[in-house]
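In what follows, every chain begins at residue 1, and chains take the letters A, B, ... in the order their sequences are listed.
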There are 2 protein chains.
Amino acid sequence: MENIYWTIYRDYADQIEQGRLSPDSKLPSENQLAKRYGTSRETVRKALHLLSQNGYIHKIKGKGSFVLHVNKFDFPVSGLVSFKEVATKSGKEWNTDVVSLETGKPDPYVASQLNIQGSEAIWKVVRVREVGGEKIILDKDHFHKGLIPPLTKDICRESIYEYLERSSEVKISFAKKVITIEGATEEDERLLDLDRYAMMAVVRNYVYLDDSTLFQYTESRHRPDKFRFVDFARRY
Amino acid sequence: MENIYWTIYRDYADQIEQGRLSPDSKLPSENQLAKRYGTSRETVRKALHLLSQNGYIHKIKGKGSFVLHVNKFDFPVSGLVSFKEVATKSGKEWNTDVVSLETGKPDPYVASQLNIQGSEAIWKVVRVREVGGEKIILDKDHFHKGLIPPLTKDICRESIYEYLERSSEVKISFAKKVITIEGATEEDERLLDLDRYAMMAVVRNYVYLDDSTLFQYTESRHRPDKFRFVDFARRY
DNA sequence: GAGTGGTCTAGACCACTCA
DNA sequence: GAGTGGTCTAGACCACTCG
């Protein structure tokens, strides 16, 4: 139940994702929705605004709200979605191999990325992502040790995000992604099925908590032929 | 003046961009802002929500709204910003060379991307972007001819977006970007300073109008060492 | 003219933080 | 307990679309 606007948002986001509402079809008007959910029009508008921001619908003044053509299975979808969420949605066979899970002092580069001073310890997780039988993505995660509950290999094999969200001590708030293209390293070649590719798509992810402290730095290295990033943007 | 919430948004976005409000500093409370702008709290909240979505500020319940560390000069900033906007903000010396500007029938690939049927004509613009003396980006723009006012080489050398926004017949609403990495083509090699690079970062941009018709398809091909894409995302 | 979404108001109650 | 942001309400007026 929770928030009314969130309920409305989920209702329609789910219907659109599952194709039960087809593209170009018209949503009920804001007044109708307000009556149906027993709430005020402004609350309905909050939900529709969210749907619009996330590329589910499009609103036209004087006409109504319409379902957009959503390309499902875009990888990775823009935003803060975890590998597991994306992989399971895509329906492809996938697997995560935890190469290493250790705790200790960060090397200087990571320390600077995480704004770490002095002798603070971190969790360092290295994972290889296998999709369709090929080792394609190398994920190197770094967390402030003091900020999260203890990790295990089993948790890393599933989804660290799901674990953190459930354990609820930690609230993820926002993130910044930087995408660049860089030469493959010796490590990439050793751990992945690189074929002849010499370059990698590198996504650096900086994740912040609710109180705006930086708590995670992740480097996600993708084989270029399998890399695809989708971004939906709206003018105001 | 226009909308109140837009005025408030611009006021603070400008102050933060120009560094007149330093990171971590606290904004006035929503009630104070409502008084100061002679408006209601909900309207102030709309402006703050926009600032928050765009990565300018961060709101903490019970405490207030705080300025985030904005990395200026990130190229390209997430969203619908044109090359000219980004280039001028970065302060680097830049130049646009209009390789060709023609109108006619699209080839089959572009026609399918633009959802063109039958004998509709398009504008096709090919531009080379030079930054710091190097030809780095190849932009191939395609517009439905019937949807926009006529283009000239001079307009293409400046900013097509500025021109379209001023001419006001056309209202850009939302866009979808897809980033992939692909092999360099013979055309890339001929028109750009590619050095030894064999791959390109390709950004396909699908731009829609207010009535949700697709009106532009652009392929933006970047030399990999100069490519950088930044995305700011928020959990709700 | 009826219906739609866009903006705005003046309140209300809540959960949270901090002194 | 005073102040903060988060949610919600029940209205209002406007600009726009369409028959």
Side-chain angles (χ1 to χ4, degrees), chain A residues 1-12 24-53 56-68 168-171 173-174 208-213 234-236, chain B residues 1-12 24-53 56-68 168-171 173-174 208-213 234-236:
Chain A
M1 285 296 118
E2 299 196 347
N3 296 335
I4 302 175
Y5 79 87
W6 188 252
T7 307
I8 304 176
Y9 171 74
R10 285 295 356 147
D11 276 3
Y12 280 91
D24 294 328
S25 60
K26 192 169 172 293
L27 266 59
S29 78
E30 298 179 346
N31 283 314
Q32 286 175 322
L33 285 172
K35 266 184 202 157
R36 184 176 305 182
Y37 284 91
T39 186
S40 70
R41 195 178 143 224
E42 279 291 2
T43 300
V44 169
R45 283 178 57 72
K46 217 170 190 170
L48 295 188
H49 180 72
L50 255 186
L51 289 167
S52 155
Q53 281 299 315
Y56 288 104
I57 66 167
H58 184 61
K59 311 177 80 179
I60 306 181
K61 197 193 290 192
K63 295 178 87 169
S65 301
F66 301 87
V67 178
L68 283 177
S168 84
E169 300 176 44
V170 161
K171 262 197 185 170
S173 169
F174 60 97
Y208 295 80
L209 298 183
D210 224 21
D211 59 0
S212 91
T213 57
R234 222 166 238 298
R235 277 264 207 240
Y236 307 101
Chain B
M1 284 299 115
E2 301 196 344
N3 296 334
I4 303 175
Y5 80 87
W6 188 252
T7 308
I8 304 177
Y9 171 75
R10 286 295 354 146
D11 277 3
Y12 280 91
D24 295 328
S25 60
K26 191 170 171 294
L27 265 60
S29 77
E30 297 179 347
N31 283 314
Q32 286 174 322
L33 286 172
K35 266 184 202 158
R36 184 177 305 181
Y37 283 91
T39 185
S40 69
R41 195 179 142 223
E42 279 291 3
T43 300
V44 169
R45 284 179 57 73
K46 218 170 188 169
L48 295 187
H49 180 72
L50 255 187
L51 289 167
S52 154
Q53 282 298 314
Y56 288 105
I57 67 167
H58 183 63
K59 311 178 80 179
I60 307 181
K61 195 192 290 190
K63 295 178 88 169
S65 301
F66 301 87
V67 177
L68 282 177
S168 84
E169 300 175 45
V170 161
K171 261 196 184 171
S173 169
F174 60 97
Y208 295 80
L209 298 183
D210 225 20
D211 58 0
S212 90
T213 57
R234 221 167 238 298
R235 276 264 207 240
Y236 307 101

Pairs: protein N or O with nucleotides 16-19 of chain C N or O, under 3.5 Å:
{"unit_1": "dC18(C)", "atom_1": "OP1", "unit_2": "Lys63(B)", "atom_2": "NZ", "d": "2.9"}

Problem set entry | Heavy-atom contact window of chain A on DNA chain D, given 5' to 3' at under 4.0 Å | dT7(D) to dC18(D)

For this session: Any chance you could measure Tyr9(A), atom OH, to Gln53(A), atom CD, to the nearest 0.5 Å?
Result: 10.0 Å

Problem set entry | Under the side-chain contact (heavy atoms from CB on, under 4.5 Å) test, residues paired with Ile60(A) that sit two or more places apart | His58(A), Lys63(A), Phe66(A)

For this session: Kindly write out the residues that satisfy side chain to side chain donor-acceptor pair (under 3.5 Å) with Thr43(A), not counting sequence neighbours, or none if the list is empty.
Result: Ser40(A)

For this session: Find the distance between NZ (Lys46(B)) and CH2 (Trp6(B)) and round it off to the nearest 0.5 Å.
Result: 12.5 Å

Exercise. Taking it one step at a time, do Ile57(B) and Leu27(B) satisfy side chain to side chain contact (heavy atoms under 4.5 Å, CB included)?
Worked result: CA-CA 9 Å; Ile57(B) 67 167; Leu27(B) 265 60; 4.2 Å; yes

Exercise. So, are Glu30(B) and Lys59(B) salt-bridged, with charged N and O less than 4.0 Å apart?
Worked result: yes

For this session: Tell me, please, which residues at least two apart from Asp24(B) pass side-chain contact (heavy atoms from CB on, under 4.5 Å).
Result: His69(B)

Seminar exercise, completed: Result for 5'-nearest mapping on DNA chain D, choosing between Gly64(B) and Glu42(B), is Gly64(B)

Problem set entry | Reported CZ-to-CZ distance for the pair Arg41(B) and Arg45(B), which is rounded to 0.5 angstrom | 5.5 Å

Exercise. Please walk me through it: do Tyr56(B) and Val67(B) pass side chain to side chain contact (heavy atoms under 4.5 Å, CB included)?
Worked result: CA-CA 6 Å; Tyr56(B) 288 105; Val67(B) 177; over 6 Å; no

Problem set entry | Dot-bracket pairing map - DNA chain C, Watson-Crick plus G-U, both contacts under 3.5 Å, | cross-strand | ||||||||||||||||||.

Exercise. Could you state the interatomic distance from OG1 (Thr39(B)) to CD1 (Ile8(B)), rounded to the nearest 0.5 Å?
Worked result: 6.0 Å

